[in-house]
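Report on the following structure.
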Amino acid sequence: MRFSRDGLTLKTVDKYEKISELARRRGFFWPSYEIYGGVSGFINWGPLGSIMKRKIEDKFRNEFLHKLGLYELESPIITPERVFIASGHVKSFKEPMVECTNCKKRFRADHLLQEYAKMSSQETDRLQLNEIQACIEKNGVKCPECGGNFGQPEYFLTMFKTAIGPYSDAVGYGRPEAAQGIFVEFKRLYEQTREKLPIGFATIGHALRNEISPRQGPIRLREFTIIDLEFFIDPEHPECPYLENVENEVLRLLLTKDRVKGENQIIEVSVKEAVSKKYIMTEWQAYFMALSKRFIIEIGVPEDKQRFIEKFAWERAHYSVQGFDQEVYLDRWGWTEVSGFNYRTDYDLKGHMQESGVDMTVFKPYKIKKVVKELVVKPIHSEMGPVFKEETSKVIGLLLKADPKKLQNALKDQGFCMLENFKILPNYVSFIEKKTEESGRKFIPHVIEPSFGSDRLAYVALEYAYSERKGRTVLNFPLDIVPLQLAVLPLVNKDGLPEKAKNLCALLAKEGFSVEYDNGGSIGRRYARFDEIGTPLCITVDYQTIENETVTIRDRESWKQVRAKIDDLPKLLHDFFQNKLTFSNLGSPIKS
RNA sequence: GCGGCUGUAGUCUAGUUUGGUCUAGGACGUCAGCCUGCCACGCUGGUGACCCGGGUUCAAAUCCCGGCAGCCGCACCA
């Protein structure tokens, strides 16, 4: 707590404030373009932050791509308009807004019509701006705040628009999600990866959303790193063979059936149960949610600070038929979305198929060729000709279009059948069982999409690593996301200790560790500095090093020290960072 | 976008009410050096700021207007 400038209000210094101060000072993240006054919604990830963020992204690559044999695609940010016409974004990624001419409050026009004119969202979605205005006037919708009249409705498009090349009619947009890059290239990717299903492709890259009012630091940005994983399945075989690996993992769910009753009761169910009770529609979606829970635990968030919230239809994106947001509890903002899991069905591939005319179906051969028995109508021309004369060919056309089964039944049951005005008698037709062979089937794969906000993950990792001890800040990052692994410090700046330490530093760098040498200030000050950026181990070269080639290793978490031989360091440290050894196994304890 | 509050070195802040030794003070940090045999010790020195642009005035950190940014509320958030 501290007093604000006016001296009257007590201002709480929350974790976000402490973290942003640290992040700016030490180089994790800070607002962009500050020397020109700053622009909200844009941040930089600095020397330490960019490493940490990249390590989180690498962790995603390990957990979701390498272990499952999935692939990555890097695609452009600037996207031609037709892609977002096909994907529905040009139509849906904007909101009609109206402003009250009296009190200046702004509202979503479609929400007003749904509430006060009792229109459905399907109806309001189809309306043009002038039709919206007409509907508002016809239904006498007034400002719910002050009863005032509304001005002209206007669209706010949340995609950044640009012109591609010098011709302004070549409209392009900054992508608001990376997913479309994958859908557009699906056919080629599918072939390149040898036509397997299920298969998944991920893109880790920047996305742009022109947010109306982004005011939450790294949590809501106009330009941010998105991690989109598009996982393609055969809708007729939606089962996930790995489900048993996670079936006992407990998920904390907040379901729409409870939310609709106004209850915020989180239910804890195993993955197995969530699937069998149909809380989660598809097995793969449940599987990814379980993986993601573990992933978020491993970047430092305990499971009771996580939950999955099922989204209502009106909260979901236009392409989603079931969606869960994974939320993490943050000190300032409460439950905050870090990832989303959407069942996108064949919505996107179908859209691109229609817009581009390119076939996006996949062909799956049957194990055994399928013999399809089909009942076929064979008109008997010689019987029909004399009866229908010049209309014979028309009647034959009708017969071929009719359902053979129904026709056969009708003829059998009532002895005749009417097709338009023509009376068909049993002797006009014969029925045969035709056998055709099908070697496989064509279909559009369905998509399960886990999607993460990389910037949010990095912020979340910072917040959960943050701790204070004896008035100092310590970032207790998990070992695999630390920006700096090791520091090598001479105990004092004389008697050859700095030289010895520099050599050791070079040796460890050669071994592949990220390591820094520091001789500034007292040893205690240096330990504090490295605690503050989350460096797990400090290696100190002291007088005993000169005597017997041993060094002390000091632990960020416990502030304890052990002593180990320099020769053993590479192996010990590799094992430590791979979580094969704990700190106390690194050497013999030093009493302090 | 709207309304309220706010904007001084990397951070926290003094100064703003009442314009004038403010050449903007301090603390922490940081850098150089000394010191230092293990947890932000001490000493010397350096570094570094009035958010941006206009206006009023002999004179603006201070008063006025606009912009930008931050916080809170409303709205928005696929």
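Atoms considered below: every heavy atom in the structure, side chains included; atoms not considered: hydrogens, waters and symmetry mates. Sequence lines set the chain letters: A, B, ... in the order given, protein chains first and strands last, and positions in each chain run from 1.
Taking a pair to require two hydrogen-bonding distances under 3.5 Å in either a Watson-Crick or a G-U wobble arrangement, B:C76 remains unpaired. Across all strands shown, B:A40 forms no Watson-Crick or G-U wobble pair with both key distances under 3.5 Å.
Side chain of A:Gln306 to backbone of A:Val301: a donor-acceptor contact under 3.5 angstrom is found. A donor-acceptor pair under 3.5 Å is absent between the side-chain atoms of A:Gln285 and the main chain of A:Thr282, judged by distance alone.
Considering only side-chain atoms of A:Arg525, the nucleotide from B:C71, B:C39, B:C41 that sits closest is B:C41. With B:U11, B:A40, B:C38 as the candidates, the nucleotide lying closest to the side chain of A:Glu21 is B:U11. Checked against B:G37, B:C71, B:C38, the side chain of A:Thr552 finds its nearest nucleotide in B:C38.
A salt bridge (charged side-chain N to carboxylate O under 4.0 Å, His left out) with A:Asp325 is found for exactly one of A:Arg307, A:Lys311, A:Arg316, namely A:Lys311.
A donor-acceptor contact under 3.5 angstrom links the side-chain atoms of A:Arg215 to the base of B:G73. Residue A:Tyr36 places no side-chain atom within donor-acceptor reach of the base of B:C68, judged by atom type and a 3.5 Å distance cut-off alone.
The 12-atom threshold is not exceeded at NZ of A:Lys470, counting heavy atoms of other residues, nucleotides or ligands nearer than 6.0 Å. Within a 6.0 Å radius of NZ in A:Lys161, no more than 12 heavy atoms belonging to other residues, nucleotides or ligands are found.
For an aromatic pair to be called close, the ring centres must be under 6.0 Å apart, and A:Tyr527 with A:Trp559 fails this.
Rounded to a whole Å, the CG atom of A:Asn519 is 14 Å from the P atom of B:C35. Between the NZ atom of A:Lys18 and the C1' atom of B:G10 there is a distance of 19 Å, given to the nearest Å. Atom CZ of A:Arg526 is separated from atom C1' of B:G37 by 12 Å (rounded to the nearest Å). Rounded to whole Å, the distance from CG on A:Asp531 to P on B:C38 is 18 Å. Rounded to whole angstrom, the span from the CD atom of A:Gln216 across to the C1' atom of B:G73 amounts to 14 Å.
Between A:Gly520 and A:Asp542, the residue anchored closer to the 5' end of RNA chain B is A:Gly520, taking for each the nucleotide with the nearest heavy atom. In terms of position on RNA chain B, the residue among A:Val39 and A:Ser522 whose nearest nucleotide sits closer to the 5' end is A:Ser522.
Rounded to a whole angstrom, the distance from the P atom of B:G42 to that of B:A61 is 35 Å. Separating the C1' atom of B:C35 from that of B:U44 is a span of 11 Å, rounded to the nearest Å.
For the pair A:Arg25 and B:U30, the criterion of a side-chain N or O lying under 4.0 Å from OP1 or OP2 is not met. OP1 or OP2 of B:U11 lies within a sub-4.0 Å distance of a side-chain N or O belonging to A:Arg24.
Near RNA chain B, meaning a heavy atom under 4.0 Å away, the residues from residues 484-497 of chain A are A:Leu491, A:Val492, A:Asn493, A:Lys494.
A salt bridge between A:Arg563 and A:Glu547 is absent, with no side-chain N of the basic residue lying under 4.0 Å from a carboxylate O of the acidic one. A:Arg526 and A:Asp518 are not joined by a salt bridge, as no carboxylate oxygen comes within less than 4.0 angstrom of a charged side-chain nitrogen.
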